[in-house]
Participant: 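Quick one: structure below, then a few questions.
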Amino acid sequence: MNLLHSEWLKLFTTRTTWVMLGIGLICEGLFMGLIVGLVPADELDEVKELITGTGLLMTLILVLGVLTITTEFRHGTASSTFLVSPRRWRVLLAKLGAAVLVGVLAGLLFVAVNGAIVLPIYSDRTGALPPSGGIAEIYAGVVASFALLCVFGLGVGAIIRNQVGAIIAAIAFFFIISSLPYLLPGNIGEYFPASALGSLHGHTEGEGALNQVGGGLVLAAWSFGLWALGTVLVVRRDLSD
Amino acid sequence: MAQLEVRNLTKRYGSTVAVDDLSFAVEAGGVTGFLGPNGSGKTTTMRALLGLLWPTRGEALIEGRPPTAMEDPLRTVGAALEATAFHPGRSGRNHLRTLAAAARIPRSRVEEVLEMVELSGAAGRRVKGYSLGMRQRLALAAALLGEPRILILDEPANGLDPQGMRWLRDLLRAQAAEGRTVLVSSHVLSEVSQVAEELVMIRDGKLVSHTTLAEFTAGGSAVSRVRAADLDALTTALGERGAKVRRDEDGALLVEALGGVEIGEVALARGIAIHELAPQSSSLEARFLEVMGDEEGVEA
């Protein structure tokens with residue numbers, strides 16, 4: 001618990017976290033407001049990002065997860081951190097907890113912003129509630145996905161350690177490479193992060209698509225798998241600087 | 001039981017051997033100077049003692065146990081490794097708070113150590129704006145946070161001004177007087193010779209000497225610096241009288257094992273005019289460089 005407290009303090013004692021969450025949420029609010037306010041009413045149903053957020057916020061959350069560990073290597077604070085807790089896996093466990101918490105926090109803030117902007121405008125314009133499916137379930141999927149995205153970033157950061165390299169790798173793999181198997185025949189693509197994220201957000205279209213829970217489980221397997229691999233590597237590696 | 005011990009410690013990076021079969025032990029209490037030229041393996045040894053890197057062979061022990069087996073790490077050993085290892089965007093106080101939180105150390109202790117290292121005034125500012133000296137103080141504050149039984153400090157004098165050096169010496173003396181075991185590294189003997197009772201000297205990752213400061217001082221002989229009209233002839237003549245003669249970086253002679261009177265007489269007998277004949281106050285440093293196999297220590 002004390003290590004978790006320490007990680008939480010680390011997150012919120014630099015400006016990075018505040019700035020990233022702030023920018024993400026403000027842009028999200030503006031963007032959502034514009035879409036829901038300007039898109040012709042009969043096309044609103046098609047806009048699936050309406051209540052699940054845009055790539056921008058999700059990218060920022062992913063990057064935030066990467067930063068929770070790469071900043072320690074970049075600035076050399078990993079040494080102090082592991083001096084306090086020479087059993088390094090405990091630190092990685094605390095970082096996992098912090099990543100989940102900050103992801104959930106970001107998810108809840110998103111839901112608050114989204115709910116305050118999108119739902120009223122939408123209802124006002126169409127006289128109905130937004131797209132099919134339970135809003136509560138989709139919002140829950142968004143919150144869960146933000147937590148898993150943050151853990152995914154943490155895992156990639158622990159494996160790669162170099163901050164720029166890890167950020168690029170995480171974004172490229174999550175949003176580009178992992179969506180390619182979707183083009184393959186069969187439903188193999190469903191088991192890669194990009195598609196699993198979609199399922200978790202309730203975009204379950206087409207044959208063989210995973211449902212929300214299934215998508216969540218697949219994404220969780222990726223995120224926690226990367227975290228576990230990253231933890232093993234961090235425990236084994238030397239800290240020479 | 002030794003407070004700190006390395007046994008046959010070897011650390012390889014690819015084909016480079018950073019530490020080569022190094023063994024020494026530091027007993028409880030007092031200041032031990034850990035000396036060697038830059039790149040001699042001091043930092044690697046300290047990092048192995050702290051469990052930050054894994055030995056290729058051998059072991060590093062703290063209070064007889066591997067560092068990863070420490071019960072209460074921050075109260076056992078405090079370390080200041082390098083003055084640059086801070087997040088530039090975090091304030092000094094918040095840096096210490098993150099460490100204190102992890103070790104369940106009360107926030108009041110953070111203010112205490114900030115006071116001790118005279119950094120209270122700047123503690124709210126982001127580390128980005130700190131001078132090297134301030135970073136050294138912050139690193140020391142982090143080391144002192146848990147009131148540890150052992151302190152491991154890697155080149156803590158780097159970047160300190162003369163007042164800072166004096167302050168550091170007083171701090172180390174006070175820590176030792178309270179019964180703590182202090183291992184402090186440096187590539188300059190004078191930084192530690194005023195506080196250390198013991199000296200561990202390494203070069204190329206190997207132990208060169210483990211001695212007390214008193215023994216080390218007693219082993220040194222007086223050195224005179226000599227300039228003369230014909231240095232080559234004088235070198236030969238002094239050598240015949242059993243003196244050890246070297247050239248320093250300015251081209252003057254450094255003469256050992258022969259006093260000023262004898263040097264003057266030798267020069268007179270050969271008809272060589274003496275331009276300068278001065279006893280060297282830094283003969284301890286000269287002996288250190290000699291033990292270290294000279295040159296490398298000089299530039300740093």
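Quick note on labels: first sequence line is chain A, next is B, and so on, each numbered from 1.
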Participant: Counting only heavy atoms not in A/F175, do more than 12 fall under 6.0 Å of its CZ?
Facilitator: yes
Participant: In the structure I gave you, are the side-chain heavy atoms of B/T98 and A/S6 within less than 4.5 Å of one another anywhere?
Facilitator: yes
Participant: What residue, out of B/L145, B/L99, B/T76, has the most heavy-atom pairs lying under 4.5 Å from chain A?
Facilitator: B/L99
Participant: Measuring from atom OG1 of A/T13 to atom CZ of B/R126, what distance do you get when rounded to the nearest 0.5 angstrom?
Facilitator: 11.5 Å
Participant: For the residue pair B/K11 and A/D238, establish whether any side-chain heavy-atom pair is separated by less than 4.5 Å.
Facilitator: yes
Participant: I'd like to verify something: which residue of A/S85, A/A78, A/A94, A/P86 has the highest number of heavy-atom pairs under 4.5 Å with chain B?
Facilitator: A/P86
Participant: Is B/A69 close to chain A through its backbone or its side chain, or both, or neither, when contacts mean heavy atoms under 4.5 Å?
Facilitator: backbone
Participant: Can you tell which part of B/R75 gets under 4.5 Å to a heavy atom of chain A, answering side chain, backbone, both or neither?
Facilitator: neither
Participant: Tell me, for A/R237 versus chain B, whether the close heavy atoms (under 4.5 Å) come from the side chain, the backbone, both or neither.
Facilitator: backbone
Participant: Highest number of heavy-atom pairs under 4.5 Å with chain B: which of A/V91, A/T77, A/V84?
Facilitator: A/V84
Participant: Tell me, side chain or backbone of B/A103 under 4.5 Å from chain A's heavy atoms, or both, or neither?
Facilitator: both
Participant: Which bit of A/T71 is near chain B, if near means a heavy-atom gap under 4.5 Å: side chain, backbone, both or neither?
Facilitator: side chain
Participant: Find the one option among A/R15, A/M1, A/H5 whose heavy-atom pairs under 4.5 Å with chain B are most numerous.
Facilitator: A/R15
Participant: Given 3.5 Å as the limit, does a donor-acceptor pair link the side chain of A/T14 with the main chain of B/R90, or not?
Facilitator: no
Participant: Which of the residues A/E7, A/R236, A/E72, A/R74 is involved in the greatest number of heavy-atom pairs with chain B at under 4.5 angstrom?
Facilitator: A/R236
Participant: Side chain, backbone, both or neither: which part of A/R88 has an atom under 4.5 Å from a heavy atom of chain B?
Facilitator: side chain
Participant: Can you confirm whether B/E111 is buried at CD, in the sense that more than 12 heavy atoms of other residues, nucleotides or ligands lie under 6.0 Å from that atom?
Facilitator: yes
Participant: Mind listing the closest non-hydrogen atom pair of B/A102 and A/N2 along with its distance?
Facilitator: O-ND2, 3.2 Å
Participant: Which pair of heavy atoms, one from A/L9 and one from B/A101, lies closest together, and at what distance?
Facilitator: CD1-CB, 3.7 Å
